[in-house]
Student: 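First, the structure itself, so that you have it in front of you.
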There are 4 protein chains.
Amino acid sequence: MRLDNVVGSLPGKVSRMPESSSQPSRPRSGSRRDEAARLAVLHAADDLLVEHGFGALTIEAIARRAGVAKQTIYRWWPSKVEILLDTLIEDSDKRLPVPAGKPTAESIRDYLRGFARFLTGDPAGKVLLALIAQAQHDPGTAESFHQRYLRPRRDQERDLLARAVDAGEISPRLDPDATIDALVGPLVYCALTGAGIPGDLVDTLVEDLLMPRPR
Amino acid sequence: MRLDNVVGSLPGKVSRMPESSSQPSRPRSGSRRDEAARLAVLHAADDLLVEHGFGALTIEAIARRAGVAKQTIYRWWPSKVEILLDTLIEDSDKRLPVPAGKPTAESIRDYLRGFARFLTGDPAGKVLLALIAQAQHDPGTAESFHQRYLRPRRDQERDLLARAVDAGEISPRLDPDATIDALVGPLVYCALTGAGIPGDLVDTLVEDLLMPRPR
Amino acid sequence: MRLDNVVGSLPGKVSRMPESSSQPSRPRSGSRRDEAARLAVLHAADDLLVEHGFGALTIEAIARRAGVAKQTIYRWWPSKVEILLDTLIEDSDKRLPVPAGKPTAESIRDYLRGFARFLTGDPAGKVLLALIAQAQHDPGTAESFHQRYLRPRRDQERDLLARAVDAGEISPRLDPDATIDALVGPLVYCALTGAGIPGDLVDTLVEDLLMPRPR
Amino acid sequence: MRLDNVVGSLPGKVSRMPESSSQPSRPRSGSRRDEAARLAVLHAADDLLVEHGFGALTIEAIARRAGVAKQTIYRWWPSKVEILLDTLIEDSDKRLPVPAGKPTAESIRDYLRGFARFLTGDPAGKVLLALIAQAQHDPGTAESFHQRYLRPRRDQERDLLARAVDAGEISPRLDPDATIDALVGPLVYCALTGAGIPGDLVDTLVEDLLMPRPR
DNA sequence: GCTTAATCGAGACGGTACGTCCCGTCTTAGT
DNA sequence: ACTAAGACGGGACGTACCGTCTCGATTAAGC
């Protein structure tokens with residue numbers, strides 16, 4: 001089973017309101033969900049992660065910071081991981097869309113460069129790394145993370161590569177998924193190990209893995 | 001700052017008794033450290049991680065399982081991460097030494113294949129992934145993990161590559177550290193995302209990244 | 001300050017609709033109070049108390065059981081204690097009226113026997129005991145319980161005794177309030193401690209405390 | 001089933017350390033129970049009850065006030081009721097022992113006067129009333145309260161009365177338990193309803209219920 | 001053989017966070 | 001206007017571990 005995937009998303013509206021569970025079955029009466037509270041929670045979680053790390057990211061701390069009751073969090077999110085997923089999905093859809101349209105070797109290179117920048121420079125990159133990490137510790141996180149983030153992006157990336165191959169822009173020697181792993185893996189690994197991502201890494205990977213070998 | 005590194009270690013004895021803290025000076029009298037307790041703790045930690053995941057890996061659970069008092073653990077290890085590091089170092093020194101001697105393209109390929117097997121098939125591979133993960137959540141873990149595991153292996157791997165280049169066996173287009181990241185990163189990333197490692201991934205990576213490009 | 005009192009009430013209509021809060025003036029327009037909802041709440045409270053005890057008597061449980069919104073309860077009753085008071089007043093007016101008319105030693109004895117039965121056999125007896133109990137825990141309950149239940153009954157009981165003394169039927173040696181306490185106290189105490197009320201207790205109390213001592 | 005009882009206890013040592021559960025099975029090693037913490041909890045509970053009422057008596061408040069961790073309370077007491085029982089038993093053994101030795105009508109009268117004072121003037125009296133109340137709300141409390149407090153005192157009181165009857169000091173017309181209920185009930189009832197206990201109540205009860213009727 | 005000191009098991013301790021329940025207030029839609 | 005529905009900020013519940021501590025019992029080197 002192949003269920004990972006890392007980047008992209010059609011720039012169009014995908015999920016303006018990323019409710020963790022599908023839809024809350026539209027209540028016929030009663031108060032509706034408080035959008036301000038929802039945003040306060042997302043931002044509080046994001047801020048706490050960036051400022052104090054995943055260790056300080058407790059439900060109580062999020063509630064405190066967001067000025068929200070604990071129960072309000074438990075009402076809408078089954079775990080802090082889903083909160084982070086909500087922010088990650090919103091942010092990476094916004095700031096790191098998988099290129100649509102006619103692909104070129106250049107647009108793929110740009111996308112990977114953007115991904116490298118996202119990982120090392122964007123607060124949402126920290127969220128991505130934290131989720132990759134937490135997925136190692138907890139099967140529930142792994143499942144959710146794959147379903148809601150990795151798989152959808154991987155689908156778009158695979159499609160991107162296929163179209164580029166069709167257009168004769170690239171000719172990878174590995175199958176599409178393995179190719180993506182070979183391109184994205186080094187970037188993620190560098191980020192995970194705290195090392196920076198060398199400037200020529202993306203270029204060389206694209207050159208060596210995607211470009212036709214002369215002979 | 002470059003502080004990652006993933007595999008190897010001279011097969012020779014490096015640390016038969018991996019005391020996390022330096023050495024307990026010289027015990028002028030009284031009982032010495034109980035080796036049975038030490039091993040019980042290491043095995044309990046390993047078993048718990050493999051059987052129930054990192055979430056169930058609490059000091060109390062380790063003590064319970066090892067039949068040891070909590071204080072006995074705190075006396076010798078500053079955190080559960082150091083326990084895992086002890087087991088990881090022992091195991092990967094034993095089962096995944098960085099090849100010494102005259103390197104060939106073939107021996108590098110074998111080492112990477114062994115690494116892939118280690119990640120996906122060996123219990124110690126789970127420990128490695130758990131530590132990579134925990135390093136994202138806690139700076140102390142990151143520091144220790146790099147100092148005691150990643151850095152030493154990376155030094156040996158860098159040396160291995162340099163000798164292979166000198167021998168004309170390989171001609172990578174990236175600098176040594178980036179080359180290792182590009183080779184190891186995809187394997188780790190596949191393991192982290194729960195996907196298997198495709199059979200031809202190592203071969204193709206070696207071929208595309210280390211072999212001279214014809215022209 | 002003397003504010004207790006335990007039984008009776010003129011059999012005539014005293015409060016068909018015991019609105020805890022005064023009365024909602026005159027409803028100038030819109031729906032009037034839903035009598036069905038009011039009764040549903042009273043019965044739900046009563047049932048829950050009898051079936052699962054005071055501990056399970058939460059506003060949310062009452063609302064759930066009555067099929068009524070929480071707010072509907074809060075609109076009409078300031079607390080669950082007032083709900084119980086409403087049921088208690090209705091029930092004890094109905095099933096345990098303080099005898100009116102010309103009193104005899106016999107009618108007083110009957111009233112006390114009825115009270116004993118009320119305490120041990122009637123669901124409303126459980127309500128009375130629960131309110132006595134809750135009055136120990138909460139001053140607001142104590143105040144309301146005395147004002148709305150104990151004081152009015154005590155007034156009637158005191159009057160009953162006075163008329164009986166005037167008629168030469170009894171000649172207690174204590175002042176009226178103390179006499180009532182001496183008669184009612186043992187019954188309540190037996191009920192509170194879970195012991196049954198011995199069959200001859202009422203008779204002997206009446207004989208020893210109300211009848212003239214021979215000498 | 002008769003299980004109530006209210007006052008007394010041989011003046012001799014009965015339970016210097018009223019551990020809720022019998023004995024903690026003498027731990028062969030490890031820290032022993034912290035007596036200071038035990039006392040801090042008992043006093044905090046007592047103080048909170050007297051100062052702010054049973055409603056404010058939460059485990060968290062007790063822990064806060066006693067400067068103790070919540071878990072330390074849960075380790076030794078199954079509920080706040082048992083804490084109150086511990087204080088009540090210690091206090092009433094100390095300040096309201098059931099008279100031993102040769103009983104006279106006078107010593108019984110004194111004991112009842114002491115009981116009246118205990119109920120209305122002693123902080124421990126508030127504890128007793130609170131426990132009587134809580135026993136109405138919770139069967140577990142009722143059970144514990146009867147087993148640990150009411151039953152033992154009732155046994156001593158019954159014995160006291162029996163000895164007094166044998167000595168020809170009194171000649172009650174009710175059986176021993178009912179006699180005690182008839183004497184103690186009015187006092188407790190007055191205390192429960194917040195009324196004071198009239199000065200001549202005890203005297204008249206003793207005179208009318210225990211003294212031989214002339215004729 | 002006796003002293004001395006470090007280790008061991010056990011586990012109590014002050015804490016923090018967990019996830020749940022209910023409080024009493026409020027807002028929304030429907031009748 | 002009143003209802004059912006239910007979200008909201010709050011706070012206590014009882015549990016699990018945290019890392020520190022104290023207690024005897026055991027063990028082995030040095031006297």
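Here is the naming used below: chain letters follow the sequence lines, and residue numbers restart at 1 for every chain. Only this structure's heavy atoms are used, side chains among them; waters, hydrogens and symmetry mates stay out.
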Student: By nearest heavy atom, map C:Gln71 and A:Gly67 onto DNA chain F; which one lands nearer the 5' end?
Tutor: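 The residue whose closest nucleotide sits nearer the 5' end is C:Gln71.
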Student: Side chain of A:Arg33 only, please: which of E:dC13, F:dC8, F:dG24 is the nearest?
Tutor: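 Closest nucleotide to the A:Arg33 side chain: F:dC8.
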Student: Hey, which of these two, B:Arg64 or D:Ala61, hits DNA chain F nearer its 5' end, going by closest nucleotide?
Tutor: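 First, find each residue's nearest nucleotide; the 5'-ward one identifies D:Ala61.
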Student: Between E:dG24, F:dG24, F:dC18, spot the one nearest the side chain of C:Lys70, thanks.
Tutor: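 The closest nucleotide is E:dG24.
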Student: If I take atom CD in residue A:Glu82 and atom P in nucleotide E:dG19, what distance separates them, rounded to the nearest angstrom?
Tutor: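 Going from A:Glu82 (CD) to E:dG19 (P), I get 13 Å.
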Student: Would you verify whether the NZ or CZ of D:Arg38 falls within 45 degrees of the ring axis of D:Trp76 while also being under 6.0 Å from that six-membered ring's centre?
Tutor: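 No; the conditions do not both hold, so D:Arg38 does not lie above the ring face of D:Trp76.
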Student: Going by the side chain to side chain contact (heavy atoms under 4.5 Å, CB included) test, name the single residue among C:Thr72, C:Leu84, C:Leu42 that passes it with C:Trp77.
Tutor: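 The passing option is C:Leu42.
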Student: Rounded to the nearest angstrom, tell me the gap between atom CZ in C:Arg75 and atom P in F:dA5.
Tutor: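 C:Arg75 atom CZ is separated from F:dA5 atom P by 14 Å.
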Student: If you apply the rule side chain to side chain contact (heavy atoms under 4.5 Å, CB included), what do you find for D:Arg33 with D:Arg75, and how did you get there?
Tutor: CA-CA 10 Å; D:Arg33 179 170 187 177; D:Arg75 193 171 2 252; over 6 Å; no
Student: Check every atom of E:dC26, F:dC17, F:dC13 against the side chain of D:Thr58 and return the nucleotide holding the closest atom.
Tutor: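 From the listed options, F:dC13 comes nearest.
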Student: Rounding to an integer number of Å, can you tell me how far B:Asp34 CG sits from E:dA10 P?
Tutor: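 One finds 13 Å between P of E:dA10 and CG of B:Asp34, rounded.
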Student: A:Leu48 and A:Arg65: side chain to side chain contact (heavy atoms under 4.5 Å, CB included), yes or no, with the steps?
Tutor: CA-CA 8 Å; A:Leu48 281 171; A:Arg65 174 105 168 204; 3.9 Å; yes
Student: Within this structure, what is the CD1-to-P distance between A:Ile73 and F:dG10, rounded to whole angstrom?
Tutor: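 Value for this atom pair: 12 Å.
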Student: Taking CG from B:Leu48 and P from F:dC17, how many angstroms apart are they, rounded to a whole number?
Tutor: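 About 11 Å, once rounded to whole Å.
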Student: Check this one for me: any side-chain N or O of A:Ser31 less than 4.0 Å away from OP1 or OP2 of F:dC8?
Tutor: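 Looking at the OP1 and OP2 atoms of F:dC8, neither is under 4.0 Å from any side-chain N or O of A:Ser31.
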Student: Whether B:Trp76 contacts E:dA6 is assessed here as follows: a side-chain N or O lying under 4.0 Å from the phosphate OP1 or OP2. Is that the case?
Tutor: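 No, outside the criterion.
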Student: Respond yes when some side-chain nitrogen or oxygen of B:Trp77 is under 4.0 Å from OP1 or OP2 of F:dG19, and no when none is.
Tutor: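 For B:Trp77, the contact criterion (side-chain N or O under 4.0 Å from OP1 or OP2 of F:dG19) is not met.
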Student: Answer yes or no: does atom NZ of D:Lys126 have more than 12 heavy-atom neighbours from other residues, nucleotides or ligands under 6.0 Å?
Tutor: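 Check fails, neighbour count at 12 or below.
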Student: Would you mind telling me which of F:dC13, F:dC23, E:dT28 lies closest to the side-chain atoms of A:Arg32?
Tutor: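 Out of F:dC13, F:dC23, E:dT28, the nucleotide with an atom closest to A:Arg32's side chain is E:dT28.
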Student: Atom CD of C:Glu35 and atom P of F:dC2: how far apart are they, to the nearest Å?
Tutor: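 Going from C:Glu35 (CD) to F:dC2 (P), I get 15 Å.
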Student: E:dC23, E:dT7, F:dG14: which one has an atom nearest the side-chain heavy atoms of C:Glu60?
Tutor: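 Closest nucleotide among those given: E:dC23.
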Student: What is the distance, to the nearest angstrom, from the CD1 atom on A:Ile62 to the C1' atom on E:dG19?
Tutor: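 To the nearest whole Å, that distance equals 14 Å.
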Student: For the pair D:His137 and C:His137, name the ring-plane relationship: parallel under 30°, tilted 30 to 60°, perpendicular over 60°.
Tutor: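 The arrangement is perpendicular - the two ring planes meet at more than 60°.
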Student: Is the phosphate of F:dG9 approached by A:Thr72 (side-chain N or O, under 4.0 Å from OP1 or OP2)?
Tutor: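 Looking at the OP1 and OP2 atoms of F:dG9, one of them is under 4.0 Å from a side-chain N or O of A:Thr72.
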Student: Whole angstroms only, please: what is the CD1-C1' distance between C:Ile83 and E:dC23?
Tutor: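 Nearest whole value for this atom pair: 14 Å.
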Student: Select one nucleotide: of F:dT3, E:dC18, E:dA17, the one nearest the side-chain heavy atoms of A:Tyr74.
Tutor: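 Closest of the options to the side chain of A:Tyr74: E:dC18.
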Student: Between C:Ser79 and A:Lys80, which residue's closest nucleotide on DNA chain E lies nearer the 5′ terminus?
Tutor: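 Nearest nucleotide further toward 5': that of A:Lys80.
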